[in-house]
Visitor: 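Please find one structure pasted underneath; my questions will follow.
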2 protein chains.
Amino acid sequence: MSDKLKLTNQVCFPLYQLAKEVINLYRPILKDLDLTYPQYLVMIVLWEEGRQNVSEIGTKLHLDSGTLTPLLKRLEQKKLIQRKRNQIDERIVTISLTGHGKKLREKASCVPDQIVASLKMTTNELQQLQNVIGNILNQINK
Amino acid sequence: MSDKLKLTNQVCFPLYQLAKEVINLYRPILKDLDLTYPQYLVMIVLWEEGRQNVSEIGTKLHLDSGTLTPLLKRLEQKKLIQRKRNQIDERIVTISLTGHGKKLREKASCVPDQIVASLKMTTNELQQLQNVIGNILNQINK
DNA sequence: CACGATTAAATCGTGCACAACTTAATTTTG
DNA sequence: CAAAATTAAGTTGTGCACGATTTAATCGTG
């Protein structure tokens, strides 16, 4: 295999690896909140933007109903969210936070701190990484 | 939430997103080989380094037996690999390529080309990304 | 207004990832 | 040498990700 071709593996595998490791950094921290990383992402969307449809959450997190429906059912079982069919358009399910769900935001406020600590990166390095990843995502989706 | 804390989400979510999208780039290409991305990684290890134990593959790919055992069984069902208990140490299962598995290497040789094309990145950009990711992985695991 | 197209969510099936545990073989050590 | 410790792989259970399909509601157009 040529060097150029080998390089692809040497980029994609570490990327796959890094994403897994970062989620593994979240795991023990989020365990205290009884959340997984994707569940945490849904909670962030709801904390920051309030009640919304399943498909709106899906658009923001790039997740389809096949992933979201069971995930949201688990958040509902934990009494963090409420799922309610829209009266006007019965196809739509609106997701809203319960009191318990809103309250969890405080407890979750220290999560990013802990992640930054384990990432061992400066604010500058984080910003650079954000830019690099953002550029690639833009280029892929162009 | 402070800007600094928000930055963590703005880095980790895009990273999680990018890793998913890159694997989604592989999906249709690898479908022609009837492989998933993790299966492809196992095949690469075997193509490049030959027969080895389950645990050696696991160390290289950072996957445990809970992930590898069923994955390897699927590769065996596809007649790409052979699983054989070591005669001397019966705990060890050695994985080796079948003729079919070795032959697949040729067909797979064009995969990185296609990925590079969809990533729309230059060799230079790829090398930079490799360095950035490598540095972070080193720092996390320090 | 009715019927075909579209939309939203749910469902089903496959496969990966990881934690926790089990099983069986081997190694260590008292 | 035998019991305890360790090791390798397998098993079980939970949850995510995604493709494909289904169901039910709504929309659009003739």
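Values below: all heavy atoms of this structure, side chains included; hydrogens, waters and symmetry mates excluded. The sequence lines fix the lettering, A, B, ..., with proteins before strands; numbering per chain opens at 1. In this text the structure is predicted, and so the values were computed from the model without any measurement.
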Visitor: With distance as the sole test, does A/T59 use its side chain to make a donor-acceptor pair with the main-chain N or O of A/S55 at under 3.5 Å?
Guide: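 At least one qualifying donor-acceptor pair exists.
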Visitor: Scan B/L71 against the nucleic acid and name what it touches under 4.0 Å (heavy atoms): base, sugar-phosphate only, or nothing.
Guide: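 Sugar-phosphate contact only.
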Visitor: Rounded to the nearest angstrom, tell me the gap between atom CZ in A/R85 and atom P in C/dA9.
Guide: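 About 8 Å, once rounded to whole Å.
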Visitor: Compare the minimum distances between each of C/dA17, C/dG15, D/dA9 and the side chain of B/T36, then state the nucleotide with the smallest one.
Guide: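 Comparing C/dA17, C/dG15, D/dA9 against the side chain of B/T36, the answer is C/dG15.
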Visitor: Under a 3.5 Å cut-off for both contacts, is D/dT29 paired Watson-Crick or G-U wobble with anything, and if yes, with which nucleotide?
Guide: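 D/dT29 is paired, partner C/dA2.
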Visitor: Would you tabulate the nitrogen or oxygen pairs shorter than 3.5 Å linking the protein to nucleotides 26-29 of chain D?
Guide:
{"unit_1": "D/dT26", "atom_1": "OP1", "unit_2": "A/I88", "atom_2": "O", "d": "2.8"}
{"unit_1": "D/dT26", "atom_1": "OP1", "unit_2": "A/E90", "atom_2": "N", "d": "3.1"}

Visitor: Is the phosphate of D/dT14, meaning OP1 or OP2, less than 4.0 Å from a side-chain N or O of A/K31?
Guide: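 Checking A/K31 against D/dT14: no side-chain N or O falls below 4.0 Å of OP1 or OP2.
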Visitor: Taking for each residue the nucleotide of DNA chain D bearing the nearest heavy atom, is the 5' side occupied by B/K20 or by A/K78?
Guide: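 The residue whose closest nucleotide sits nearer the 5' end is A/K78.
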Visitor: Could you tell me how far apart B/L30 (CG) and D/dG19 (P) are, to the nearest whole angstrom?
Guide: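 Rounded to the whole Å, the gap is 14 Å.
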Visitor: Side chains of A/E21 and B/N141: donor-acceptor distance under 3.5 Å anywhere?
Guide: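 The criterion, which ignores hydrogens and geometry beyond distance, is satisfied for B/N141 and A/E21.
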Visitor: Base, sugar-phosphate alone, or nothing: which one does B/I23 contact when heavy atoms must sit under 4.0 Å apart?
Guide: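 Nothing, no nucleic acid heavy atom in range.
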Visitor: Round to the nearest Å and state the distance from B/I92 atom CD1 to C/dT23 atom C1'.
Guide: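 Answer to the nearest Å: 16 Å.
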Visitor: Under 6.0 Å from the NZ atom of A/K79, do we count more than 12 heavy atoms belonging to anything else shown?
Guide: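 No - once you tally the heavy atoms of other residues, nucleotides and ligands closer than 6.0 Å, there are 12 at most.
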Visitor: To the nearest angstrom, how far is B/I81 atom CD1 from D/dA9 atom P?
Guide: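 Computing the B/I81:CD1 to D/dA9:P distance gives 12 Å.
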Visitor: By nearest nucleotide on DNA chain D, pick out whichever of B/E56 and A/D64 is the more 5' one.
Guide: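 Taking each residue's closest nucleotide, the earlier one in sequence belongs to B/E56.
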Visitor: Find the distance A/E76:CD to C/dA10:C1' and express it as a whole number of Å.
Guide: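 Value for this atom pair: 14 Å.
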Visitor: Could you work out, with side-chain contact (heavy atoms from CB on, under 4.5 Å) as the rule, every residue matching A/K102, not counting sequence neighbours?
Guide: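 Once residues adjacent in sequence are excluded, the partners of A/K102 under the side-chain contact (heavy atoms from CB on, under 4.5 Å) criterion are A/L97.
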Visitor: Would you indicate what A/L68 reaches in the nucleic acid, counting non-hydrogen atoms under 4.0 angstrom: base, sugar-phosphate, or nothing?
Guide: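 A/L68: no heavy atom of the nucleic acid under 4.0 Å.
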Visitor: How many whole angstroms separate atom CD of A/Q52 from atom C1' of C/dA9?
Guide: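 So the two atoms are 15 Å apart, to the nearest Å.
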Visitor: Can you tell me which nucleotide in C/dC18, C/dA9, D/dG10 comes closest to the side chain of A/S55?
Guide: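 Among the listed nucleotides, the one closest to the side chain of A/S55 is C/dA9.
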Visitor: Measure across A/D34 and A/Q39 and return the closest heavy-atom pair with its distance rounded to 0.1 Å.
Guide: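 Looks like O-OE1, 3.9 Å.
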Visitor: Run the side-chain contact (heavy atoms from CB on, under 4.5 Å) test on A/V22 and B/I136 for me, step by step, so that the C-alpha distance in whole Å, both residues' side-chain angles and the decisive distance to 0.1 Å come before the verdict.
Guide: CA-CA 10 Å; A/V22 169; B/I136 303 168; 5.9 Å; no
Visitor: So which nucleotide from C/dC18, C/dA8, D/dC18 ends up closest to the side chain of B/T67?
Guide: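 Nucleotide nearest to B/T67's side chain: C/dC18.
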Visitor: Quick one: is C/dA10 close enough that its OP1 or OP2 comes under 4.0 Å of any side-chain N or O from A/R83?
Guide: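 True: A/R83 side-chain N/O within range (under 4.0 Å) of C/dA10 OP1/OP2.
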Visitor: Take the protein atom CD1 of A/I57 and the nucleotide atom P of D/dA17, then report the distance between them rounded to whole Å.
Guide: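 The distance from CD1 of A/I57 to P of D/dA17 comes to 14 Å, rounded to the nearest Å.
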Visitor: Mind checking whether A/F13 and B/H62 have parallel, tilted or perpendicular rings, split at 30° and 60°?
Guide: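 Judged by the thresholds at 30° and 60°, the geometry between A/F13 and B/H62 is parallel.
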Visitor: Both A/T94 and A/N24 contact DNA chain C. Which one's nearest nucleotide lies toward the 5' end?
Guide: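 Residue closer to the 5' terminus by nearest nucleotide: A/T94.
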Visitor: Whole Å only: how far is the CG atom of B/L25 from the P atom of D/dA17?
Guide: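 It is 17 Å, rounded to the nearest whole Å.
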Visitor: Hey, is the side chain of A/Y37 poking within less than 4.0 Å of OP1 or OP2 on D/dG15, counting only N and O atoms?
Guide: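 It does not, given that no N or O in the side chain of A/Y37 lies less than 4.0 Å from OP1 or OP2 of D/dG15.
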Visitor: Using 4.0 Å as the upper bound for N to carboxylate O, is an ion pair formed by A/R83 and A/E76?
Guide: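 Yes, charged N to carboxylate O under 4.0 Å.
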Visitor: Ignoring hydrogens and geometry beyond distance, is the side chain of A/S65 in donor-acceptor contact with the base of C/dA10 at under 3.5 Å?
Guide: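 Counting by modelled atom types and ignoring angles, a donor-acceptor contact under 3.5 Å is found here.
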Visitor: Find which nucleotide of DNA chain C each of A/P70 and A/E21 is nearest to by heavy atoms, and output the residue with the more 5' nucleotide.
Guide: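 Here A/P70 is the residue nearer the 5' end.
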